[in-house]
4 protein chains.
Amino acid sequence: MTNAFELGQRIAEAGWVLLTGGRASGVMDAASRGAKAAGGLTIGILPTSDRAGMSAAVDIPIITDLGHARNTLNILSSQVVIACGMGAGTASEVALAIKAERSVILLNPGTESAAFFCGLSHRVMTANSPEVAIDLTRKFLDCTNPP
Amino acid sequence: MTNAFELGQRIAEAGWVLLTGGRASGVMDAASRGAKAAGGLTIGILPTSDRAGMSAAVDIPIITDLGHARNTLNILSSQVVIACGMGAGTASEVALAIKAERSVILLNPGTESAAFFCGLSHRVMTANSPEVAIDLTRKFLDCTNPP
Amino acid sequence: MTNAFELGQRIAEAGWVLLTGGRASGVMDAASRGAKAAGGLTIGILPTSDRAGMSAAVDIPIITDLGHARNTLNILSSQVVIACGMGAGTASEVALAIKAERSVILLNPGTESAAFFCGLSHRVMTANSPEVAIDLTRKFLDCTNPP
Amino acid sequence: MTNAFELGQRIAEAGWVLLTGGRASGVMDAASRGAKAAGGLTIGILPTSDRAGMSAAVDIPIITDLGHARNTLNILSSQVVIACGMGAGTASEVALAIKAERSVILLNPGTESAAFFCGLSHRVMTANSPEVAIDLTRKFLDCTNPP
């Protein structure tokens with residue numbers, strides 16, 4: 001969570017918009033709160049049919065009622081994807097990001113997720129701190145056009 | 001188109017965020033340009049898998065790759081829906097808005113669309129100018145919580 | 001409901017597959033039961049994340065968890081669309097069918113829906129009995145390739 | 001491909017319905033052809049807006065126009081998920097299957113995918129032949145209700 005908060009802060013300080021899954025839990029919420037603490041703009045792509053369960057730190061809710069199918073939208077609407085922590089939902093997003101040819105950064109991944117995803121695509125990189133993740137993001141943005 | 005541009009302007013002047021289908025054509029584009037002319041914030045929910053065909057007046061593109069299924073998101077993410085002109089795509093959005101219990105305003109509708117949609121739901125109202133549409137929107141926002 | 005049951009029967013007797021929204025209510029359920037009574041095959045495109053609320057007369061459930069966005073799939077996966085009754089959900093499907101260039105038959109429509117939808121597209125026809133709807137369907141299938 | 005064809009055959013012989021992504025390539029096509037060779041029923045959940053690119057061995061096409069978001073439907077509509085080969089698309093489906101609490105079988109997985117996915121969930125098992133995959137599927141079906 002500390003990492004996610006700091007990541008949100010640094011994303012806002014870089015002048016970028018933060019897009020998350022929008023819910024009031026875990027990494028999504030921490031990153032959104034970090035971005036707001038630094039005066040940034042936050043978007044939340046919600047899986048539900050209303051705002052119930054939304055993070056209070058989301059400025060712009062996109063209400064999809066698509067359940068997990070909204071994970072695809074999270075990826076397509078992002079220029080760079082940073083995975084902070086790992087679980088089944090995040091794994092689906094990293095895989096969809098590779099499929100959609102987005103650049104992906106795994107922040108402090110476990111050995112097995114790094115081995116698996118870096119083996120799937122050379123677009124996946126790892127970072128051992130939010131600061132390094134931001135530096136990598138800047139490099140990715142410098143050399144790609146927006147989707 | 002004149003109506004759509006003016007509508008976008010007035011939405012921005014009211015301090016609201018404009019959400020459209022995001023494409024560089026017709027009413028979506030005109031309304032987005034109007035909102036930008038008045039210094040507003042614009043969101044575009046794109047049906048495509050990238051920004052090709054996006055209105056230059058969209059600040060925040062949500063890239064869905066959902067085709068017409070993205071119409072549902074346009075409605076769910078909006079607090080009030082204003083239909084400006086009528087065609088099959090707009091008709092599907094008005095119908096989905098009624099289904100999702102959103103308030104709907106038809107701006108200068110034809111006789112047949114007004115008869116059909118007002119017959120489907122008492123949440124549908126008509127307006128004969130952008131100014132009236134904005135007044136109605138303000139009333140709807142005063143008496144409903146955000147979805 | 002009587003019409004919907006008979007329609008399902010006749011669809012099955014014609015050797016066609018019946019596709020509905022799959023829920024255990026109203027026209028969807030009646031048509032599916034009719035098709036099963038005549039030995040047909042039935043598909044149900046469910047809006048939910050499991051089979052709760054599914055019609056017992058659905059052979060093949062497609063579980064989407066997409067809410068109303070699944071209406072688009074109902075249309076795209078059908079060669080001919082028959083609307084039996086009218087409400088906001090059905091209206092969204094008829095509109096999406098026109099948008100997706102599917103042939104649409106309105107069975108015993110009200111004056112206002114007939115006027116509105118026939119005005120939107122020449123692909124929309126009306127029928128005053130299930131028998132006539134089936135004849136029209138056969139004609140549509142004869143002159144179009146599957147989508 | 002040999003494995004996928006045999007898997008399709010055995011699924012049909014067991015009396016089950018085969019559901020794939022429906023396209024005329026790779027594992028989807030081979031499994032569908034295997035199932036048809038054994039007289040089974042095949043469903044294809046297509047990412048596109050028409051049948052272009054569909055496997056000729058698909059009996060029932062569900063046309064979604066959802067792009068990769070249709071991967072969620074593949075999973076939700078399946079009682080057991082068998083992954084045959086590994087790439088970004090398949091990885092997203094395995095992850096979504098874990099998220100949706102479906103039972104997952106990895107057929108002849110690489111060391112890294114087995115380590116990663118078995119680490120994510122105890123619902124993931126591996127099989128070193130189509131025959132073993134079918135035995136595991138039967139066990140899963142015996143002890144779970146359909147979704």
Side-chain angles (χ1 to χ4, degrees), chain C residues 11-12 15-22 24 32 35 39-56 58-81 92-93 96-103 141 144-147, chain D residues 11-12 15-22 24 32 35 39-56 58-81 92-93 96-103 141 144-147:
Chain C
I11 285 168
W16 302 325
V17 174
L18 176 69
L19 185 153
T20 71
S32 300
L41 182 70
T42 58
I43 304 175
I45 313 260
L46 294 163
T48 44
S49 63
D50 59 28
R51 294 177 190 217
M54 182 176 83
S55 165
V58 164
D59 294 318
I60 300 181
I62 304 295
I63 301 176
T64 71
D65 197 20
L66 296 177
H68 301 311
R70 75 86 152 77
N71 291 6
T72 312
L73 281 66
N74 295 357
I75 295 309
L76 291 175
S77 302
S78 300
Q79 291 178 254
V80 175
V81 173
S92 77
E93 291 175 309
L96 289 163
I98 295 170
K99 190 76 181 172
E101 305 194 341
R102 292 295 183 280
S103 297
L141 292 175
T144 52
N145 293 316
Chain D
I11 285 169
W16 302 324
V17 174
L18 176 69
L19 185 153
T20 71
S32 300
L41 182 70
T42 57
I43 303 175
I45 312 262
L46 294 163
T48 46
S49 63
D50 59 27
R51 293 178 190 216
M54 183 177 83
S55 166
V58 164
D59 293 318
I60 299 181
I62 304 295
I63 301 177
T64 70
D65 197 22
L66 295 177
H68 301 311
R70 75 84 152 78
N71 291 5
T72 313
L73 279 67
N74 295 356
I75 295 311
L76 291 175
S77 301
S78 300
Q79 291 179 257
V80 175
V81 174
S92 76
E93 291 175 309
L96 289 163
I98 295 169
K99 191 76 182 172
E101 304 193 343
R102 292 295 182 280
S103 297
L141 292 175
T144 53
N145 293 317

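As the structure is a computational prediction, the values presented were derived from the model and not from experiment. Numbered from 1 within each chain, the chains take letters A, B, ... in sequence-line order.
- Between D/G21 and D/P47 the shortest heavy-atom distance is O-CD, 4.0 Å.
- Top candidate by heavy-atom pairs under 4.5 Å with chain C, chosen from D/N74, D/I60, D/V17, D/L19, is D/I60.
- For C/I75, no part lies under 4.5 angstrom from a heavy atom of chain D.
- The backbone N or O of D/D59 lies less than 3.5 Å from a partner atom in the side chain of D/T42, making a donor-acceptor pair.
- Heavy atoms only, all atoms of each residue included: C/S49 and D/L76 are closest at O-CD2, 4.4 Å.
- Contacts of residues 64-71 of chain C with chain D at a heavy-atom distance below 4.5 Å involve C/T64, C/D65, C/L66, listed in sequence order.
- With a threshold of 4.5 angstrom between heavy atoms, C/L46 does not approach chain D through any atom at all.
- Considering every non-hydrogen atom in both C/S32 and C/T20, the closest pair reads OG-OG1, 3.6 Å.
- Two residues are said to be in side-chain contact when any heavy atoms from C-beta on lie closer than 4.5 Å; D/L141 and D/W16 meet this criterion.
- The two residues D/A35 and D/L18 have their closest heavy-atom pair at CB-CD2, 3.9 Å.
- Taking both residues in full, the closest heavy atoms of D/R102 and D/S78 are given as NE-O, 2.8 Å, listed atom of the first, atom of the second, then distance.
- The most heavy-atom pairs under 4.5 Å with chain C, out of D/I62, D/T72, D/D50, D/L41, come from D/I62.
- When heavy atoms are compared at a cutoff of 4.5 Å, D/I43 approaches chain C solely by way of its side chain, counted from C-beta outward.
- Here the shortest heavy-atom pairing between C/G40 and C/A12 reads CA-CB, 3.6 Å.
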